[in-house]
Chemist: 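Have a look at this one.
So you know, we letter chains A, B, ... as the sequences are listed, proteins then strands, and number each from 1.
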There are 2 protein chains.
Amino acid sequence: MTLSAKEMLRQSLLNQMARGELIPGASLPSERSLAAEFQMSRNAVREVIQGLQQEGWIQVRQGGASRCLNRLQSHLEKHQPREISLAYQLDVMEARAFLEGETAYYCALRASDQELAALAKEYKAMQGRRKGQSTLLKAKADLTFHMMIAEASHHLLLISYSQLFYERYFNAIHEVLSTTLKRYGRYPDGISQQHEKIYHAIQSRQPDQARLEATEHILYTRRLLETS
Amino acid sequence: MTLSAKEMLRQSLLNQMARGELIPGASLPSERSLAAEFQMSRNAVREVIQGLQQEGWIQVRQGGASRCLNRLQSHLEKHQPREISLAYQLDVMEARAFLEGETAYYCALRASDQELAALAKEYKAMQGRRKGQSTLLKAKADLTFHMMIAEASHHLLLISYSQLFYERYFNAIHEVLSTTLKRYGRYPDGISQQHEKIYHAIQSRQPDQARLEATEHILYTRRLLETS
DNA sequence: CAGTCCTAACTGGTCTTACCAAATGAGGCA
DNA sequence: TGCCTCATTTGGTAAGACCAGTTAGGACTG
């Protein structure tokens, strides 16, 4: 069975999204470049693009590049309570412990050498500025570290979930860190130690170990949230 | 709010289908003629057409005209038993009594003068060849009469349902007529009398009366089925 | 006269080229 | 440093040509 040019382009884009090569929020190549790459007319490319848009995969707007959408967004919006209570946050953290473990697992398994190098660079930067930094920047660095792991997992579901989680609970995370900082005068040793363990498990490509450490890390922060 | 040309075309087609001007199975105008009529390029027309196709409104195939689809088809296929028992047929006929009544009602209300004239022509042809005809042709004529009423109702749901019903139960209808013919030597007077009443109620544009007669007609044939 | 076959005219599918309109980002300016 | 401007880039639309199936009508045959 030979696929038509349109079907090949469509499958190519869907595959890239499934493989996490085109993650939610990323820009698609322009219609003109896709037409050139797949040796087809811009008309045909446009019809494929519009099809994907109609199915909720991508968003297209005049003047700007088409962007991949996070398909979990509408689903989560429907199932989220209006008011985010502490109990709800604790529930979310419990689920997140599992998902973060899977994320670290697939990252250790699938990350490219290039991505591991980028992760190493980011990790060392985090270490270098560990002291004398605002909690806001600290929280942002924490987020970046976790998102890099998520993206390197090349797992569409995990990437989508991580994006939504960090976007939604960033303020809550920041709050927990601030409270902890005020209480103890500095961040608990646990966090940086756990980061180190996760980092090393990933760098040495030990998926199971990475899952273990990541899960424990989230459960630790969950306990912080519980007592804050 | 000014709609874009594409949105206008889309709404126009959807409206024509909702109004029963473009009934399931009917051909859409060609892309070129639509482009000329709405003063837009064929590209834009094609994108609208493809959108409607993706939503299951129409079917398009190279070389032939695009056709409206019967959107009840897939739904009914899912909810239909594998084996069509007599009890099931009787249930269907009960629902049909209501739907046929609505059909006659809207036909009397909405049919154009042209459609009434066509119905008159068909009815007289039926009268003229009432005798000495095979049950097969008789059943086909019966079907044509009812379908003309359904189409003149300009009610998408009623048209869709009628199409599927007659396509699906034509053999059963034929069977009932044959059995009745063999038993009594001729068709019972009821049927042609009822057809006449329906016909006159419609021609004189009496919706409520047409509904009454049509409902009674179906319940009459339902009793025939019950005792056959 | 009926039936069959074939062709011309449609239909949708694709490509090319050109231009318009909106977003973007780099460079210059305050 | 921050803001603003404008050329570039991106999607949106148009027009014309050609390809590839379908269809209907006319010619031909029995």
Chemist: Find which nucleotide of DNA chain C each of B/Val60 and A/Gly63 is nearest to by heavy atoms, and output the residue with the more 5' nucleotide.
Modeler: B/Val60
Chemist: Please enumerate all residues that pass ring-ring contact (aromatic ring centres under 6.0 Å, His included) together with A/His154, with sequence neighbours excluded.
Modeler: none
Chemist: Residues in side chain to side chain contact (heavy atoms under 4.5 Å, CB included) with B/Leu156, at least two apart?
Modeler: B/Pro24, B/Trp57, B/Ser160
Chemist: Suppose we screen for salt bridge (charged side-chain N to carboxylate O under 4.0 Å, His left out). Which residues come up paired with A/Lys6, at least two apart in sequence or across chains?
Modeler: A/Glu47
Chemist: Does anything in residues 32-53 of chain B come within less than 4.0 Å of DNA chain C? Heavy atoms only, and list the residues if so.
Modeler: B/Arg32, B/Arg42, B/Arg46
Chemist: Which residues satisfy the side chain to side chain contact (heavy atoms under 4.5 Å, CB included) test with B/Gln54, sequence neighbours excluded?
Modeler: A/Gln54, A/Glu55
Chemist: For B/Arg42, which residues count as a salt bridge (charged side-chain N to carboxylate O under 4.0 Å, His left out) partner, sequence neighbours excluded?
Modeler: B/Glu31
Chemist: Please list, chain by chain and in numerical order, all residues satisfying side chain to side chain contact (heavy atoms under 4.5 Å, CB included) with A/Leu109, sequence neighbours excluded.
Modeler: A/Tyr105, A/Tyr106, A/Pro207
Chemist: Any pair with a residue in residues 64-81 of chain A that passes salt bridge (Lys or Arg N to Asp or Glu O under 4.0 Å), sequence neighbours left out, goes on the list, sorted by first then second residue, please.
Modeler: none
Chemist: For the pair B/Phe145 and B/His195, name the ring-plane relationship: parallel under 30°, tilted 30 to 60°, perpendicular over 60°.
Modeler: tilted
Chemist: Contact boundaries of DNA chain C with chain B (under 4.0 Å, heavy atoms), 5' to 3'?
Modeler: C/dT11 to C/dT14
Chemist: If you walk 5' to 3' along DNA chain D, what is the first nucleotide with an atom under 4.0 Å of a heavy atom in chain B, and what is the last?
Modeler: D/dT13 to D/dT23
Chemist: Under 4.0 Å, heavy atom to any atom of DNA chain C: which of residues 20-31 of chain A qualify?
Modeler: none
Chemist: Output all residues satisfying side chain to side chain contact (heavy atoms under 4.5 Å, CB included) with B/Leu116, sequence neighbours left out; order by chain, then residue number.
Modeler: B/Ala111, B/Ile202, B/Gln203, B/Arg205
Chemist: Go through the side-chain N and O atoms of B/Ser192 and B/Glu196 and say whether any donor and acceptor fall under 3.5 Å apart.
Modeler: no
Chemist: When you measure from the side chain of B/Thr103 to the backbone of B/Leu99, do you find a donor-acceptor pair of N or O atoms at a distance under 3.5 Å?
Modeler: yes
Chemist: Fit a plane to each ring of A/Phe165 and A/Tyr169, take the angle between them on a 0 to 90° scale, and name the class: parallel (under 30°), tilted (30 to 60°) or perpendicular (over 60°).
Modeler: tilted
